[in-house]
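What follows is a single structure, written as structure tokens, with notes after it.
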Amino acid sequence: MTRINGATKLYGLIGHPVKHSLSPLIQNTLSIVMGINSVYLCFDVSPEQLEEKVKNLIGVGVEGFNVTMPHKEEVIKYIDEMSESALYVDAVNTVFVDKGIVKGFNTDCDGFVRSLKESFGCGVKGDSVLMLGAGGAAKAIAVGLLQDGCKKLYIKNRTLKRAYDLKESLPIYADRIEVLENEKHIHEDVDVIVNTTSVGMHGALEGKSPLPESFRFNTNQRVVDIIYSPSETLLLKQARGKGASTLNGYSMLFWQAVIAFEIWNDVKVGKNELDKILKILRENGVLI
Ligand code: ATR
């Protein structure tokens, strides 16, 4: 139990809506287990309120906050210094008010790669990756993968133009990105497959796969879905059934949060603490 006193620091999440966010559970568990005197709350902020609320949060001394839909791009207007990843993605999901300087980060990039390293024991250096989707999440993941040294990033998206737009928005990595124009061009022998689309998600698209039915997985493949509801999508179920290693969306969600926490508090979450944190989260339904 966190003891709130005069020294308790306040962190939070701004977005719209934020009611169902798992970030408070993850961040408050982190601060309890790490012994940091802080609390993390959600603030529902509509697009019209963004400027006023960001200034208010900083004004009352909030040291850091996460940013989610629909503010990740707009919030850049209020940032003094952007990290390299945030600049490439052109979106901020973590703000740190460091001695009065408002710094913007995108921990989705490193969070995704760290989730691979922690779960599979390796990143993507020298690997070929097939990424399904070309939306906001895809861009952060693409930057993370390319920064980590993936050899080739194949992008397949329903709307072809968006895939080309993503490639063009990352000119320094363009030689390692290839847009796949249709399903026939999908390579089966890639090292890593990442689904960033909504296909398979709880609701109308549940039980669907973003890959063609004929796709053959192999046992050396690592297959990641950033969807966490359901915790095992059809894509992951099929991949696991063929012996591939799989990872669901709780992992990226967790690691982007850990990296934000580490930035705010200038700490590293160690192995012992990690085990305790994961145990608490699993007991609370976060099926990492
Ligand atoms: P996010 O920020 O979560 O990435 P987004 O920017 O809206 O959200 O992107 C959603 C992704 O899911 C896109 O790649 C989208 O494809 P389009 O660019 O063609 O819209 C993909 N997507 C959503 N519904 C889909 C569907 N029914 N079939 C295939 N792709 C779908």
Side-chain angles (χ1 to χ4, degrees), residues 13-18 20-23 45 47 50 66-76 85-86 88-94 104-113 115 129-146 153-170 177-186 192-215 223-231 233-236 238 247-257 260:
L13 169 71
I14 60 168
H16 187 66
V18 286
H20 301 291
S21 171
L22 289 169
S23 293
V45 174
L50 184 64
N66 288 125
V67 184
T68 189
M69 295 281 286
H71 305 311
K72 287 185 180 189
E73 284 121 30
E74 272 301 299
V75 79
I76 292 172
S85 306
Y88 285 146
V89 185
D90 204 19
V92 161
N93 80 330
T94 300
F105 298 83
N106 195 312
T107 67
D108 287 332
C109 308
D110 290 350
F112 182 77
V113 172
S115 78
V129 181
L130 167 62
M131 186 173 74
L132 307 161
K139 190 165 181 194
I141 289 170
V143 169
L145 292 166
L146 292 156
L153 176 64
Y154 300 101
I155 304 177
K156 169 75 183 73
N157 194 49
R158 177 180 61 179
T159 309
L160 195 54
K161 184 181 179 305
R162 267 186 115 184
Y164 279 115
D165 286 349
L166 201 168
K167 178 176 167 153
E168 276 161 29
S169 72
L170 298 173
I177 301 175
E178 185 176 327
V179 172
L180 305 180
E181 299 224 337
N182 61 53
E183 288 192 346
K184 276 186 283 179
H185 293 117
I186 292 180
V192 178
I193 299 170
V194 187
N195 177 41
T196 73
T197 76
S198 332
V199 181
M201 193 184 280
H202 177 71
L205 295 172
E206 187 164 353
K208 297 191 189 314
S209 169
L211 282 174
E213 236 171 82
S214 58
F215 189 89
V223 182
V224 188
D225 204 321
I226 66 162
I227 293 171
Y228 58 83
S229 178
S231 58
T233 56
L234 180 63
L235 173 77
L236 295 189
Q238 289 176 334
L247 191 62
N248 70 25
Y250 280 121
S251 195
M252 176 180 173
L253 183 71
F254 175 67
W255 285 105
Q256 62 78 26

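For this chain, numbers begin at 1 and follow the sequence in order. For ligands, and for the atoms within them, numbers begin at 1 and follow the listed sequence.
Of the possible donor and acceptor atoms, one in the side chain of N106 sits under 3.5 Å from a partner among the backbone N and O of A91.
For the residue pair T94/N66, the side-chain donor-acceptor check at 3.5 Å is satisfied. Between the side chains of H202 and E206, a donor-acceptor pair is found at a separation under 3.5 Å. Between D225 and N195, the side chains place a donor N or O and an acceptor N or O closer than 3.5 Å (distance only, hydrogens not considered). A side-chain donor from one of T107 and N93 sits under 3.5 Å from a side-chain acceptor of the other.
Across the listed options S198, A138, G133, S198 owns the non-hydrogen atom lying nearest to atom 10 (C) of ligand 1. Of the candidates A140, A163, A91, A137, it is A137 that places a heavy atom closest to atom 2 (O) of ligand 1. Summarising the contacts of atom 20 (O) of ligand 1 with K161, R158, M201, the nearest heavy atom is found in R158.
Closest to atom 9 (O) of ligand 1, if we only count protein heavy atoms, is G135 CA, 3.6 Å. Of all protein heavy atoms, the one closest to atom 11 (C) of ligand 1 is T197 CA, 4.0 Å. The nearest heavy-atom contact from the protein to atom 13 (C) of ligand 1 is R162 NH1, 3.6 Å. In this structure, the protein non-hydrogen atom closest to atom 28 (N) of ligand 1 is V199 CG2, 3.4 Å. Residue, atom and distance of the protein heavy atom nearest to atom 8 (O) of ligand 1 are G136 N, 4.4 Å.
The environment of CD in E178 is crowded: more than 12 heavy-atom neighbours from other residues, nucleotides or ligands sit within 6.0 Å.
Looking at T159 against ligand 1, both its backbone and its side chain come within 4.0 Å, counting heavy atoms. Counting heavy atoms closer than 4.0 Å to ligand 1, residue N157 contributes side-chain atoms (C-beta onward) but none from N, CA, C or O. Residue contacts with ligand 1 for A134 involve N, CA, C or O but no side-chain atom from C-beta outward (heavy atoms, distance under 4.0 Å).
Between atom OG of residue S169 and atom CD1 of residue I177 there is a gap of 7.0 Å, rounded to the nearest 0.5 Å.
Across I193, V194, T196, a single residue satisfies side-chain contact (heavy atoms from CB on, under 4.5 Å) together with L132, and that is I193.
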